Amino acid sequence: MTDTTAFDWRSFLLRWSGEWADSLPDGETRGEDDETARRARWLGFPPASEERIAGMEERLGRRMPPSYREFLKVSDGWRRAGGFVRLLAGTGDARWHNDASGLAVTFEGYLDENAGPEEWREADLWRRGLQLDVESDITYVLMDPDDVDEDGEWAVYTWASWLAAPPKRHANFLEFMRAMHRQFHSLEAHSGDGEPEFANDTTRDLDAQVEEARLEALRGGWERAAKALDEAKEYGRPRAAGLGDQIRRLLGQTYMVRFEGLVTDPRYAPELLPPLVAEHAAHRYRDDSTLRFHLRGAEEELVTLAYAILEEVRRGTYRYTAAGPFGEAVERARELARWGDTDGAWRTLIDALPLWEPLGPDHLAPLGWVADPVLGPLLTPERGRELLSTPRSGQPGEAPGPAAALDPGGLAWLAEPDPGNHRTSYRFVLVEGVEPEELPGRLADGDDAALSRPMTFWEARHGPLRDKREFSSYDDRALMAVGRAGPGWSFAFDGDPAPFGRQRFVSPAAGAGAGTRAVVVWSGLRAWYGEPFFHLSVARDGAEQYAFTYADGEVEQSGEIPRALDPSRFFAGQEDAAEVERSLLEAVAGEFGASLPRHALMNGRLHTFTTRSWTRPPRDGETYAVIQIG
């Protein structure tokens, strides 16, 4: 707890008074009280005696909290508490509010039948609170005698209707006054042209603190830097918000990150505009005109650049670049990430980070890459902390331990529930010794034998449906994401396949395995509809070697199946479906040494293509449905 009784109130209030007096423009007409305070360089009043404080307590029927009592001993009231309280109560003006404002009923009206005792207690503040505001711009300051800490301090609440926010709580009167001092500084720091320069010992100390925080951030001490920058930001110091926002963005805290004071600087725009624009684009229904609001004061050329980046981000074509060796690492990382190796891509970026070159003195870390459709999904809060903890730009410091890998390896992770438990059926093809870009030529024909740009699974699944007008049960062409499946293998993966049709199913293994080996897995052991099923087929040099299908409680198999994959080992008992699935996937991974990248498939962007049908054409007498829309 803060020892509020040991606080040097007089020095604090004298400094505040002097700063206020120096901030006033010469020749400005002001009231008699303000003019007197300016000349005296004192916003307070004479100190209250112990007898006067005791008399106040007798009148109010309560002993005042320690920090307020100590304040009164230095000044019996206060002028200009922040920007909106012109006069703060001393011993003679403090009074119980007794809902004089009528706000108790208003706040109680916001509550419903689910409101708890704490919410009702907060609404009742207007009946029991001690009112300290005497003159204000519709701003209330109430001390709460029921919100008391172990030192006897009462919490202080401030509220103004024009803020459109709930009452703000301060732990005690000292913290309230410190907040009002910060508010005064913040308002003066943003005063308009023609005002005197707002510079004093406090601003100079804070500006030095900002500079040290900048260097500390580059050394990897981002936590200490963020704390110092946040404090300076509350005082309205220039640079503090823009620097702090860079840290917050890499931690994944996108709300209200605007890179204030830096994003409109042409030096920093190449790095700071993309993440700002990408956050705007993430809200699909946001009015594009609001983007200009965050670029106030920018040259029209920079605004035009922002809207051009917005279009690239929405099309998924934005491509981050950087200078020097770090820029070369960015290109290598993108190549790894677009084929699914997100862990390798991240290590490539981090290993090159000490060679990164800032665009200017207020550039703390590379940021534009978070808007890149391929590189952006690499970021997690843990990885953001690793990046921020890595010394860079020539600053000394100890490199942090690596963040945990996001891909567990192997295939067994497919048996684990995903968020929302949507992945209950999936299918994939593994092909040995070929590059991912070769897979469409093995699994598709004609125009389908081309890869899309990297996109999320949702984009790949729903984008083509917008223009599709005919749906048929005749064929089952799979939309598949492609990438590398560990050393020597490539994969094609479909996380949302059509229902499994055992009678008409044709494995694509033989076609995919021309001149090499191919493995096909289709699992529906946890499917929401139909009977559980599992299919495995393996082909070499264009011919199927062996296969088995479990469905309807029975196994059909062909060829000489290796013991490790013998279906009798998995389907003999009545085991849990998820455990059976896990065991099968572990066996497949062990037999072929292949894996699928979880993070890239679930959170990243990968190239996709549409395969040939996984079902044979219907025979005579077999029927199928065709649905046409519009």
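In this chain, numbering begins with 1 at the start of the sequence shown. A quick note: this is a predicted structure, and the numbers were derived from the prediction, not measured.
Using a 4.5 Å cut-off on side-chain heavy atoms (C-beta onward), Leu451 and Val482 make contact. Inter-residue side-chain proximity for Thr264 and His294 is flagged as unmet; no heavy-atom pair is nearer than 4.5 Å. Under the 4.5 Å side-chain criterion, counting only non-hydrogen atoms from C-beta, Asp341 is not in contact with Pro597. Looking at Arg385 and Glu223, their side chains never come closer than 4.5 Å, going by heavy atoms from C-beta outward. For the pair Arg347/Pro402, a side-chain contact is recorded, criterion being any heavy-atom separation below 4.5 Å from C-beta on. Side-chain contact between Tyr268 and Phe259 is absent, with no heavy atoms from C-beta onward closer than 4.5 Å. Within the 4.5 Å cutoff, the side chain of Pro567 has heavy atoms near those of the Ile561 side chain. Contact of the Tyr546 side chain with the Ser558 side chain is not registered, since no non-hydrogen atoms from C-beta on lie closer than 4.5 Å.
Here His535 and Phe548 keep their ring centres 6.0 angstrom or further from each other. Between Trp356 and His363, the distance from one ring center to the other falls under 6.0 angstrom. Under the 6.0 Å cut-off for aromatic ring centres, Phe571 and Tyr550 qualify, their centroids lying closer than that. Aromatic ring centres of Phe533 and Phe500: separated by under 6.0 Å. Taking the ring centroids of Trp522 and Phe428, they lie at or beyond the 6.0 Å cut-off.
Taking a 6.0 Å sphere around CD of Glu300, one finds it holds more than 12 heavy atoms contributed by other residues, nucleotides or ligands. More than 12 non-hydrogen atoms from other residues, nucleotides or ligands lie less than 6.0 angstrom from CD of Glu279. Applying the 6.0 Å contact sphere to CD of Glu299 captures no more than 12 heavy atoms from other residues, nucleotides or ligands.
We find that Lys227 and Asp230 are not joined by a salt bridge, their nearest charged nitrogen and carboxylate oxygen being 4.0 Å or further apart.
At a cut-off of 3.5 Å, with distance as the only test, no side-chain donor of His607 or Ser452 sits close to an acceptor on the other residue. A donor-acceptor pair shorter than 3.5 Å can be found between the side chains of Ser523 and Glu581. Side chains of Trp346 and Glu386: a donor on one and an acceptor on the other come within 3.5 Å.
Listed here is the closest heavy atom pair of Ile247 and Ala225: CD1-CB, 4.3 Å. Residue Ala278 comes nearest to Val313 through the heavy atom pair CA-CG1, 4.1 Å, listed as atom of the first residue, atom of the second, then distance.
With sequence neighbours excluded, the residues satisfying salt bridge (Lys or Arg N to Asp or Glu O under 4.0 Å) with Arg383 are Asp343. Shown here are the side chain to side chain contact (heavy atoms under 4.5 Å, CB included) partners of Ala578, two or more places apart in sequence or in another chain: Arg526, Asp576. Remark: Arg258 engages no residue in a salt bridge (Lys or Arg N to Asp or Glu O under 4.0 Å) (not counting sequence neighbours).
Between the CD atom of Glu591 and the CG atom of Leu536 there is a distance of 9.5 Å, given to the nearest 0.5 Å. Leu479 CG to Thr611 OG1: the interatomic distance, rounded to the nearest 0.5 Å, is 8.5 Å. Here the OH atom belonging to Tyr320 is positioned 9.5 Å from the CH2 atom belonging to Trp369, to the nearest 0.5 angstrom. Distance CG/Leu355 to OG/Ser393: 11.0 Å, rounded to 0.5 Å. For the atom pair CZ (Arg249) and CG (Leu364), the distance works out to 15.0 Å, reported to the nearest 0.5 Å. Considering OH of Tyr307 and CG of Leu295, their distance stands at 7.5 Å, rounded to 0.5 Å.
Not one N or O on the side chain of Asp407 forms a donor-acceptor pair closer than 3.5 Å with the backbone of Gly409. Distance alone, capped at 3.5 Å, places no donor-acceptor pair between the Arg334 side chain and the Glu331 backbone.
Residue Glu432 forms a salt bridge (charged side-chain N to carboxylate O under 4.0 Å, His left out) with just one option from Arg442, Arg517, Arg484, Arg540, and that option is Arg517.
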